Amino acid sequence: MHLDLREIVTASIVLFAVIDIVGSIPIIINLRKKVGHIHSEKASIVAACIMVAFLFVGEEILNLIRIDVYSFAVAGAFIIFFLAIEMILGITLYRDDEPESASIVPIAFPLIAGAGTMTALLSLRAEFYVENIIAAIIVNIIFVYLVLKSSSKIERIMGKGGLSVIRKVFGVILLAIAVKLFATNINQLFP
């Protein structure tokens with residue numbers, strides 16, 4: 001095993017910023033109001049399974065369609081870049097239709113394990129050992145579970161202003177990560 005605390009922390013921060021569960025608290029609260037109880041445990045476990053499965057099968061899918069991980073990582077850097085722009089500027093570049101129920105589908109996928117998360121996982125796979133990425137997934141899923149369980153309390157404590165500040169700070173971090181991913185992987189494509 002190649003467990004490395006630095007890789008785990010870095011991958012955890014990347015996933016934390018991409019998943020943006022704190023920034024999703026208003027969406028979660030809105031879903032709770034519309035449909036009632038959200039199954040936090042089930043949503044967290046399903047999201048973790050989706051992420052781990054994509055971590056292993058995602059590269060095989062890319063190989064099947066003849067796209068190398070570095071090209072996918074560069075494309076992922078663009079997606080992460082635009083997610084960061086959304087977070088920093090408070091704009092919406094991509095909008096999904098609002099779900100009708102708060103089942104596993106809207107919470108686990110695409111809210112937690114969405115396109116940005118999948119892209120980030122494969123981008124991270126190009127740089128880090130798999131076991132460190134899995135550890136980062138576990139760390140994030142534990143945090144996601146805690147946020148889902150206590151979203152109402154968090155909203156009351158932090159208020160809209162506090163959530164906005166956190167979202168913008170992680171947007172800047174995500175922007176820096178996107179630039180690093182782009183620079184690292186573009187060098188692999190064009191040495």
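Keep in mind that what you see is a predicted model, and the values were worked out from it rather than measured. Values below: every heavy atom of this structure, side chains too, minus hydrogens, waters and symmetry copies.
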- Item | same_hphob_cluster(Phe82, Leu89) at 4.5 Å side-chain heavy-atom cutoff | yes
With the side chain counted from C-beta on, respond yes when [X] and [Y] share a heavy-atom pair under 4.5 Å apart, and no when they do not.
{"X": "Ile107", "Y": "Val46", "result": "no"}
{"X": "Met51", "Y": "Ile141", "result": "yes"}
{"X": "Leu111", "Y": "Ile28", "result": "yes"}

- Query: Which pairs pass ring-ring contact (aromatic ring centres under 6.0 Å, His included) with one or both residues in residues 131-160, sequence neighbours excluded?
  - Reply: Phe16-Phe143
Please give me the minimum heavy-atom distance between [X] and [Y], naming the atom from each residue.
{"X": "Asn140", "Y": "Ser12", "value": "ND2-O, 3.1 Å"}
{"X": "Lys149", "Y": "Ser40", "value": "N-OG, 3.7 Å"}
{"X": "Gly171", "Y": "Ala84", "value": "O-CB, 3.2 Å"}

- Just wondering, are more than 12 heavy atoms of other shown residues or ligands nearer than 6.0 Å to CZ in Phe54? yes
- Task: Hey, could you give me the OG/CD1 distance between Ser123 and Ile79, rounded to the nearest 0.5 Å?
- Result: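 It is 8.0 Å, given to the nearest 0.5 Å.
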- Just how far is it from atom CD1 of Ile133 to atom OG1 of Thr10, taken to the nearest 0.5 Å?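 Ile133 atom CD1 to Thr10 atom OG1 measures 11.0 Å (nearest 0.5 Å).
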- Query: Between the main-chain N or O of Ala75 and the side-chain N or O of Thr119, is there a donor-acceptor pair closer than 3.5 Å?
  - Reply: no
- Which ILVMFWY residues can you reach from Leu3 by hopping between side chains whose heavy atoms are under 4.5 Å apart?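 Result for Leu3 is Met1, Ile8.
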